[in-house]
There are 2 protein chains.
Amino acid sequence: MVFQVRPGRASDTDGKTALHVLLWQRALDPERGKWSLPGGRLGADEDLTSSVRRQLAEKVDLRQLAHLEQLAVFSDPARVPGPRTIASSFLGLVPSPATPELPPDTRWHPVSDLPEMAFDHGPMVEHARNRLVAKLSYTNIGFALAPNEFALSTLRDIYSAALGHHVDATNLQRVLERRQVITRTGTTARSGRSGGRPAALYRFTESRYRVTDEFAALRPPG
Amino acid sequence: MVFQVRPGRASDTDGKTALHVLLWQRALDPERGKWSLPGGRLGADEDLTSSVRRQLAEKVDLRQLAHLEQLAVFSDPARVPGPRTIASSFLGLVPSPATPELPPDTRWHPVSDLPEMAFDHGPMVEHARNRLVAKLSYTNIGFALAPNEFALSTLRDIYSAALGHHVDATNLQRVLERRQVITRTGTTARSGRSGGRPAALYRFTESRYRVTDEFAALRPPG
DNA sequence: CCAAAAGTGTTAGCGTTACACCCATGC
DNA sequence: GCATGGGTGTAACGCTAACACTTTTGG
């Protein structure tokens, strides 16, 4: 599953950003016309991670892939028709401003409004989304969804879209600064046309996945 | 990996309980004499969980296996000699008082003092132990290590052995009671030979794996 | 001056740890 | 009575959520 936070079509979400997943539409039976996760067969000389990178290269520019991590295995003998196939699912993340070229059969879909999915791919996306939400709470995985430099309000929008609930920029700042997950660059952004104080810019301290705090935070409001 | 908390040999740990893992000693090359994790090949008509249960039946009485869960996949093409093999590791737990029959080539080893291990099995055990420690903090997984009914001091010893650090019985009680992970049975144990107040007995409220709190607790003292 | 956006300060609350203190039993 | 082990009470702390308030910009 490759995820990205990107602006929805205006009709969808009032122009707000939302978490999207990369899918391609099957041209052949079985399940022709339904939407599938990118993937393919494991080669004899590669490990799973290399294989995933190879498969994804056909769908998305790999330089954009900031994080890739194995999630789960689906091994039900009847999970797909035909010869027995075991699927190992991966979580891939693309930073927000990037807009990789896509082949014609491939599109970003908002996770809140998925099309009819092939095989067991629907539950797979569900599972991956849950893992992403959890990991945003106790790791620095946000680095793989955010631009290199960003204002806190931008980061708030990204976290908010990925988590699926409102996020307070103030608290996000304090949580991530305390854990030293983000660092001020010292520079500031220019304020927009409509005025407002210029925002301080931040970057993620590290660009490698790291568990920063086993004690979860960023839980839904209430 | 099948784990159990059991009394160490007196010479090892002063008779205190410790977390053990089930290993068998290879009789044939490659890696003859080294210790291996139980396992085997996946059959055409079974999913991974069924396969693991089948493999383990040879080593340990399955009725004793209170929890079984998939952990990770090891897919390096060179991880074992010979034809390419992909390993999917599982976490299995045996409750504490049980003493299943073992075949002669099989033994419990304390995780703090592992013998020379075959292939990549050493790091696998390490990984599984880390997952177990984490999950003791935010799930009810302790049910699979403890007896049906137990005094709090017993449970403390089990948690302490599995976590690898001192655990305060008072706080363990409060944490697990708050989350309704354990329940008082109403009965009490008899006090030991050396006197002492009789202990209230508890049981785990549920015998099915459940995430009880995403906010970890039971962290090391300090 | 006003609106907009960013940033700071403050408070309240939950959950956990640490530890002192009281209770019940066998000898 | 005394040692032993079980249980309760309490205080302190860390971290987070919620939100009012101040600061800085553009028009």
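What you are looking at is a predicted structure, and each value in this text was computed from that prediction instead of being measured. Chain identifiers are assigned alphabetically (A, B, ...) following the order of the sequence lines, protein sequences preceding nucleic acid strands; residue numbering begins at 1 within each chain. Below, all heavy atoms of this structure are taken into account, side chains as well, without hydrogens, waters or symmetry copies.
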Check your understanding: Quick one: CG on Asp47(B) to CZ on Arg53(B), what's the gap to the nearest 0.5 Å?
Key -> 10.5 Å
Point to revise | Residue whose closest nucleotide on DNA chain D lies nearer the 5' end, Pro198(A) versus Thr170(A) | key: Thr170(A)
Review point. Does Gln173(B) place a side-chain N or O at less than 4.0 Å from the phosphate oxygens OP1/OP2 of dG6(D)?
Key: no
Review point. So what does Ala151(A) hit on the nucleic acid, given a heavy-atom distance under 4.0 Å: a base, only sugar-phosphate, or nothing?
Key: nothing
Check your understanding: Ser153(A) side chain N/O closer than 4.0 Å to the phosphate oxygens (OP1, OP2) of dA5(C)?
Key -> no
Review point. How far apart are the closest heavy atoms of Phe143(A) and Ala66(A), and which atoms are they?
Key: CE1-O, 3.6 Å
Revision key, fill the gap. Regarding the side chain of Asn171(A), the nearest nucleotide among dG6(D), dA6(C), dA18(D) is dA18(D)
Check your understanding: If you count the non-hydrogen atoms of other residues, nucleotides and ligands that lie under 6.0 Å from CD in Gln180(B), is the total more than 12?
Key -> no
Study note, to complete from the structure: Whole-Å distance, Leu172(A) CG to dA18(D) P, equals 13 Å
Exercise for review: Would you please confirm or rule out a distance under 4.0 Å between OP1 or OP2 of dT16(C) and any side-chain N or O of Arg179(B)?
Suggested key: yes
Point to revise | Nearest-Å distance for atom pair CD/P, residues Gln180(B) and dG15(C) | key: 12 Å
Review point. What integer distance in Å separates His166(B):NE2 from dT16(C):C1'?
Key: 15 Å
Check your understanding: CZ of Arg190(A) versus C1' of dA6(C): gap in Å, rounded?
Key -> 17 Å
Review point. Expressed in angstrom and rounded to an integer, what is the separation of Phe150(B) atom CZ from dG5(D) atom C1'?
Key: 18 Å
Point to revise | Closest nucleotide among dT8(D), dG6(D), dA18(D) to the Arg184(B) side chain | key: dT8(D)
Check your understanding: Stepwise, does the salt bridge (Lys or Arg N to Asp or Glu O under 4.0 Å) test hold for Lys135(A) with Glu69(A)?
Key -> CA-CA 12 Å; Lys135(A) 280 165 189 276; Glu69(A) 168 192 12; 2.6 Å; yes
Review point. Between dG7(C), dG7(D), dA17(D), which nucleotide gets closest to the side-chain atoms of Leu152(A)?
Key: dG7(C)
Review point. Side-chain N or O of Arg178(A) less than 4.0 angstrom from OP1 or OP2 on dT16(D)?
Key: yes
Review point. Where the side chain of Asp213(B) is concerned, which of dA18(D), dG7(D), dT16(C) is the nearest nucleotide?
Key: dT16(C)
Practice item. Count the heavy atoms of every other residue, nucleotide or ligand shown that sit under 6.0 Å from CG of Asp61(A), and state whether that count exceeds 12. Key: yes
Study note, to complete from the structure: Closest to the 5' end of DNA chain C, once Gly196(A) and Arg174(A) are matched to their nearest nucleotides, is Gly196(A)
Practice item. Please state how far atom OH in Tyr138(A) lies from atom C1' in dC15(D), giving the value in whole angstrom units. Key: 18 Å
Point to revise | Asp168(A)/Arg174(A) under salt bridge (Lys or Arg N to Asp or Glu O under 4.0 Å): CA gap, chis, key distance, verdict | key: CA-CA 10 Å; Asp168(A) 183 316; Arg174(A) 278 207 268 262; over 6 Å; no
**Study point:** Relative orientation of the end axes in the helix from dC1(C)-dG27(D) to dC27(C)-dG1(D), expressed as an angle to the nearest 10° (five pairs per end)
**Key:** 20°
Review point. For the residue pair Phe150(B) and Phe204(B), does the interplanar ring angle fall in the parallel (under 30°), tilted (30 to 60°) or perpendicular (over 60°) class?
Key: tilted
**Study point:** Value in whole Å for how far the C1' atom of dC15(D) lies from CG of Asp168(A)
**Key:** 15 Å
Review point. Should we count CZ of Arg203(B) as having more than 12 external heavy atoms under 6.0 Å?
Key: no
Practice item. Calculate the interatomic distance between Leu201(B) atom CG and dG5(D) atom P; express it in whole Å. Key: 17 Å
